[in-house]
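Written out below as structure tokens is the structure these notes cover.
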Amino acid sequence: MDTSFKEKVYEVLRTVPKGKVVTYGQLSKLSGKPKAARAVGMLMAKNPDAPKTPCHRVVASDGTLHGYSGKGGILGKKKMLIEEGVVFKGEKVDLEKSQWNV
DNA sequence: AAAATGACGGTGT
DNA sequence: TACACCGCCATTT
């Protein structure tokens, strides 16, 4: 296993509990690169461990759902999060209630 | 090795 | 509130 940035991101992402979401910036920060949110997004897009990595629990800094390589795209992602217990506020996630507490 | 890409974040208009 | 621009970074081609 390599200690690359992406490995770290996946590792942290895997620790995100069901019903909670984490922002790209938060993931990047926990991975050691506070400003690598953009890079994190790319890693999700590539997402080599789809069923293993809960990439659908990753949202933008303000709770907005950006993209999703999986089926259904943004809509499917949003729906999945709701099923897990994530609280939505209109088109965004209620970070006050569903953001992962580090 | 260099350039282009992208599921970001923040600020400005 | 919505759209546009800039800055930031690792991955991919």
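Note on naming: letters A, B, ... go to the chains in the order of the sequence lines (proteins, then strands), and numbering restarts at 1 for each one. Side chains are part of it too, since the values below use all heavy atoms of this structure and drop only hydrogens, waters and symmetry mates.
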For A/Ala37, report the nucleic acid contact type (base, sugar-phosphate, nothing); a contact means any heavy atom under 4.0 Å. sugar-phosphate
If you take any heavy atom closer than 4.0 Å to DNA chain B, which residues from residues 13-31 of chain A end up in contact? A/Tyr24, A/Gly25
Using whole Å, report how far NZ of A/Lys6 lies from P of B/dA7. 16 Å
Is there a side-chain contact between A/Tyr24 and A/Val9 (heavy atoms, below 4.5 Å)? no
Nearest to side-chain heavy atoms of A/Lys77, which nucleotide of C/dA10, B/dA7, C/dT11: B/dA7
If you only use heavy atoms from C-beta on, which nucleotide in B/dA7, C/dC9, B/dG9 is closest to the side chain of A/Lys35? C/dC9
Without decimals, in angstroms, what is the distance between A/Lys33 NZ and C/dC9 P? 9 Å
Around atom NZ of A/Lys78, are there more than 12 heavy atoms from other residues, nucleotides or ligands closer than 6.0 Å? yes
So, is A/Ser69 close to the B/dA7 phosphate, meaning a side-chain N or O under 4.0 Å from OP1 or OP2? no
Flag side-chain contact, heavy atom, 4.5 Å: A/Lys18 against A/Arg57: yes
A/Met80 CE to B/dA7 P: how many Å, rounded? 18 Å
Result for 5'-nearest mapping on DNA chain B, choosing between A/Val59 and A/Met42, is A/Met42
Side-chain contact check for A/Arg38: nearest option of B/dC8, B/dA7, B/dG9 is B/dC8
Min side-chain heavy-atom separation A/Val40-A/Ser28 under 4.5 Å: yes
Let me have the donor-acceptor pairs involving side chains of residues 89-102 of chain A, under 3.5 Å, with sequence neighbours excluded, atom names and distances please.
from    : atom 1 : to      : atom 2 : distance (Å)
A/Asp94 : OD1    : A/Glu96 : N      : 3.1
A/Ser98 : OG     : A/Val87 : N      : 2.8
A/Gln99 : NE2    : A/Gln26 : OE1    : 3.2

Among the nucleotides C/dT12, C/dG7, B/dA7, whichever has the atom closest to the side chain of A/Lys46 is C/dT12
Are there over 12 heavy-atom neighbours, none belonging to A/Lys20, within less than 6.0 Å of that residue's NZ? yes
A/Met44 versus A/Leu13: any side-chain heavy-atom pair under 4.5 Å? yes
Taken to the nearest whole Å, OH/A/Tyr10 to P/C/dT11 is 9 Å
